[in-house]
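See structure below.
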Amino acid sequence: MEKKTDLYLPHELIIQIMLRLPVKSLIRFKCVCKSWLALISDHNFAKSHFELSPATHTNRIVFMSTLALETRSIDFEASLNDDSASTSLNLNFMLPESYSNLEIKSSCRGFIVLTCSSNIYLWNPSTRHHKKIPFPPSNLDAKYSCCLYGFGYDHSRDDYLVVSVSYDKSIDLIEENISSHLKFFSLRANTWNEIECLGLVKYKHFPYYMNVNDDPTVGTLFNGNIHWFSFRNDLSMDVIIAFDLVERELLEMPFPDGFDHEPMDCDLWIFGEFLSLWAMGGVTIEIWVMKEYKVHSSWTKTLVLSIDYIYIQYDPPICSTKCGHIIGTNGTGLVKYDGNGQLLENRSYYNDPCGRLVAMYTESLLSLPGDSEQI
């Protein structure tokens, strides 16, 4: 009789195969055996899996209804009308009544930043891991108002930073004084830190002013920096400022030459692989891209879309697909349109246009420093 031999794959080959599998499959494979559970749960494996091939990352949109108390994760690369591309998520680490105060602030490497009451939550929708951190003390002081948020990864220290900028509302800006706090929370150090040029200073030390309102601006993460709009008080001009997550300092970039829009009518986003601007003007939406990062002359107006053909009308774009389609929101759901502004798809998920929160995130197996909670 012919002797039967068992098939055998070396452990190193199994690792290389798993590193190339999607997050959804790996999470299911945790149940296969203890050795696979240990491998897939390992921090170094998760980091290698995320960094091996960014081109194969699965990007999704999280769409929350604060009135219906529902959250969905949507694969926007698939058809919006494909039911299998949308799955329900559970935020059961938060009380249902908390949804009314819930806000999405940012996302990075698979984590979404949520704020609610006096807490900040960092949540990985793929693994269901979350971590709670407190607001910085100045944000809880009634005389201070937070106007900026940001979140990003410091690769040099394998650390995640939550960034907050707040202002003293009692200071008279006409007197050319400003009391500002620019703080960042280090997940590795588990504490808030404050960078220099804070407190009551003259504009020559901290010349930036960001409009304080009831809806703090969320920074756009690109190339290791978090970007916001600001006003340069000493020069009376609008600029783009960036917080370098490695050097932990502020940088400044001017708007494109020929860009004639008020900051309230435009915003930063990532279009394809470039830091970009969208701007509303009359009956058009302009899209500008910085083709070479930090090179001012590389700003280029790439698209002018007619609002007449865009279903989302005055709601801003959220992201773009790998084939160049643009995703936006119509209030109750998502819309997808091509580079000419032609509507391709429209899908509603909830009936409450005023109580929705939207953000894009990348699937990952990553955990945070000190992360031990799972839901």
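The structure presented is a predicted model; accordingly, all values stated were derived computationally and were not measured. Every heavy atom of this structure was used, including side-chain atoms; hydrogens, water molecules and symmetry mates were not.
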Working for side chain to side chain contact (heavy atoms under 4.5 Å, CB included), residues Ile326 and Trp278: CA-CA 12 Å; Ile326 299 173; Trp278 63 261; over 6 Å; no
Linking I/L/V/M/F/W/Y whenever their side-chain heavy atoms sit closer than 4.5 Å, directly or via other members, would [X] and [Y] fall into one cluster?
X	Y	value
Val295	Ile240	no
Ile14	Leu365	yes
Leu80	Leu344	no
Val304	Leu343	no
Leu9	Trp36	yes

Looking only at non-hydrogen atoms, find the nearest pair between [X] and [Y] and report the distance.
X	Y	result
Pro256	Leu277	CD-CD1, 3.6 Å
Ile15	Phe45	O-CE1, 4.2 Å
Val162	Trp192	O-CZ3, 3.5 Å
Gly150	Ile226	C-CD1, 3.7 Å
Asn225	Leu251	ND2-CD1, 3.9 Å
Lys336	Ala78	NZ-O, 3.1 Å

Asp82 vs Arg347, salt bridge (charged side-chain N to carboxylate O under 4.0 Å, His left out): CA-CA, chis, key distance, verdict: CA-CA 10 Å; Asp82 181 359; Arg347 176 72 183 269; over 6 Å; no
What's the separation between atom [atom1] in [X] and atom [atom2] in [Y], rounded to the nearest 0.5 Å?
X	Y	atom1	atom2	answer
Leu102	Leu91	CG	CG	7.0 Å
Glu363	Ser73	CD	OG	6.5 Å
His130	Lys132	NE2	NZ	7.5 Å
Lys30	Leu39	NZ	CG	10.5 Å
Cys319	Ile61	SG	CD1	4.0 Å
Ser164	Ile120	OG	CD1	7.0 Å

Could you tell me whether the side chain of [X] and the main chain of [Y] form a donor-acceptor pair under 3.5 Å?
X	Y	answer
Asp154	Leu161	no
Arg28	Lys24	no
Asn124	Leu366	yes
Thr191	Ala189	no
Ser107	Phe111	no
Ser79	Asn81	yes

Take atom [atom1] in [X]; do more than 12 heavy atoms of anything else shown fall under 6.0 Å from it?
X	atom1	result
Lys34	NZ	no
Glu273	CD	no
Arg188	CZ	yes
Asp260	CG	no

Pair Tyr293 + His227: ring centers closer than 6.0 Å: yes
Trp299 and Phe259 aromatic centres sub-6.0 Å: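 No, the ring of Trp299 stays outside the 6.0 Å limit from the ring of Phe259, centre to centre.
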Over-ring placement of Arg72 relative to Tyr349, 6.0 Å and 45° cut-offs: no
Quick check: do [X] and [Y] have side-chain heavy atoms less than 4.5 Å from each other?
X	Y	result
Val23	His49	yes
Met253	Leu275	yes
Leu245	Tyr153	no
Pro125	Trp123	yes
Phe255	Asp238	yes
Ser106	Tyr149	no
Thr58	Glu77	no
Phe185	Asn193	no

Audit row: His43, Ser367, side chain to side chain contact (heavy atoms under 4.5 Å, CB included) steps and yes/no: CA-CA 7 Å; His43 171 75; Ser367 57; 4.0 Å; yes
Audit row: Ser126, Tyr361, side-chain hydrogen bond (donor to acceptor under 3.5 Å, both in side chains) steps and yes/no: CA-CA 10 Å; Ser126 302; Tyr361 73 97; 4.9 Å; no
Whether Phe93 and Tyr121 hold their rings parallel, tilted or perpendicular, with breakpoints at 30° and 60°: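 Ring orientation, 0 to 90° scale: tilted.
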Step-by-step salt bridge (charged side-chain N to carboxylate O under 4.0 Å, His left out) determination, Asp159 to Arg248: CA-CA 12 Å; Asp159 194 10; Arg248 304 187 177 183; 3.5 Å; yes
Partner of Leu122 by side-chain contact (heavy atoms from CB on, under 4.5 Å), out of Ile112, Leu114, Leu187: Leu187
Verdict with supporting geometry, Val358 and Ile104, side chain to side chain contact (heavy atoms under 4.5 Å, CB included): CA-CA 7 Å; Val358 186; Ile104 297 177; 5.9 Å; no
Full working for side chain to side chain contact (heavy atoms under 4.5 Å, CB included) between Arg109 and His57: CA-CA 10 Å; Arg109 292 167 65 89; His57 284 169; over 6 Å; no
Distance-only polar pair, side chains of His261 and Glu286, donor-acceptor under 3.5 Å: yes
